[in-house]
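A quick write-up on the structure given underneath.
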Amino acid sequence: MLTVEQTVSGTVTTTGASFGFPGLLVLRVCDGHITHVRDYMDGLRVAHTLGRLPAVVDSLAGDKD
């Protein structure tokens, strides 16, 4: 098993804003082949950067009626 701390960086094409998200990548390798991958990131930071945080909060709040 291989665990890697990484930073994924890029640019939001709709706004031109640059971003960098820290994350953790977990790989399992068997006989030289990747057999399993898990990629952990800060989903709230991603939603905020993409301008989608209010929609995520609304979704998590659910219907209050």
Side-chain angles (χ1 to χ4, degrees):
M1 182 166 18
L2 177 67
T3 305
V4 179
E5 187 175 352
Q6 64 180 357
T7 300
V8 175
S9 56
T11 303
V12 179
T13 58
T14 55
T15 65
S18 60
F19 63 85
F21 303 124
L24 212 68
L25 187 65
V26 179
L27 297 149
R28 289 191 187 136
V29 180
C30 183
D31 297 325
H33 297 281
I34 297 172
T35 59
H36 186 84
V37 176
R38 293 277 179 163
D39 191 1
Y40 299 95
M41 286 192 159
D42 182 350
L44 292 178
R45 184 183 286 189
V46 172
H48 173 71
T49 299
L50 296 176
R52 301 290 300 152
L53 188 56
V56 171
V57 171
D58 289 346
S59 175
L60 292 172
D63 188 25
K64 296 184 181 191
D65 292 335

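Predicted, not measured: the structure shown is a model, and the values here were computed from it.
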Test item: Thr49 side-chain N/O and Arg45 main-chain N/O as donor-acceptor pair under 3.5 Å:
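Checking the backbone N and O of Arg45 against the side chain of Thr49, a donor-acceptor pair under 3.5 Å is found.
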Taking atom CZ of Phe19 and atom OG1 of Thr11, what is their separation to the nearest 0.5 Å?
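Answer rounded to 0.5 Å: 7.0 Å.
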Can you tell me how far apart CE (Met41) and OG1 (Thr7) are? Round to the nearest 0.5 Å.
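Reported to 0.5 Å precision, the distance equals 8.5 Å.
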Give the minimum heavy-atom separation between [X] and [Y], together with the two atoms involved.
| X | Y | result |
| --- | --- | --- |
| Ala47 | Val56 | CB-CG2, 3.8 Å |
| Glu5 | Leu24 | CA-CD1, 4.1 Å |
| Thr35 | Cys30 | CG2-CB, 3.6 Å |
| Val26 | Tyr40 | CG2-CE1, 4.0 Å |

Are [X] and [Y] grouped together when hydrophobic residues (ILVMFWY) are joined by side-chain heavy atoms under 4.5 angstrom apart?
| X | Y | result |
| --- | --- | --- |
| Met1 | Ile34 | no |
| Leu25 | Val8 | no |
| Val12 | Phe21 | yes |

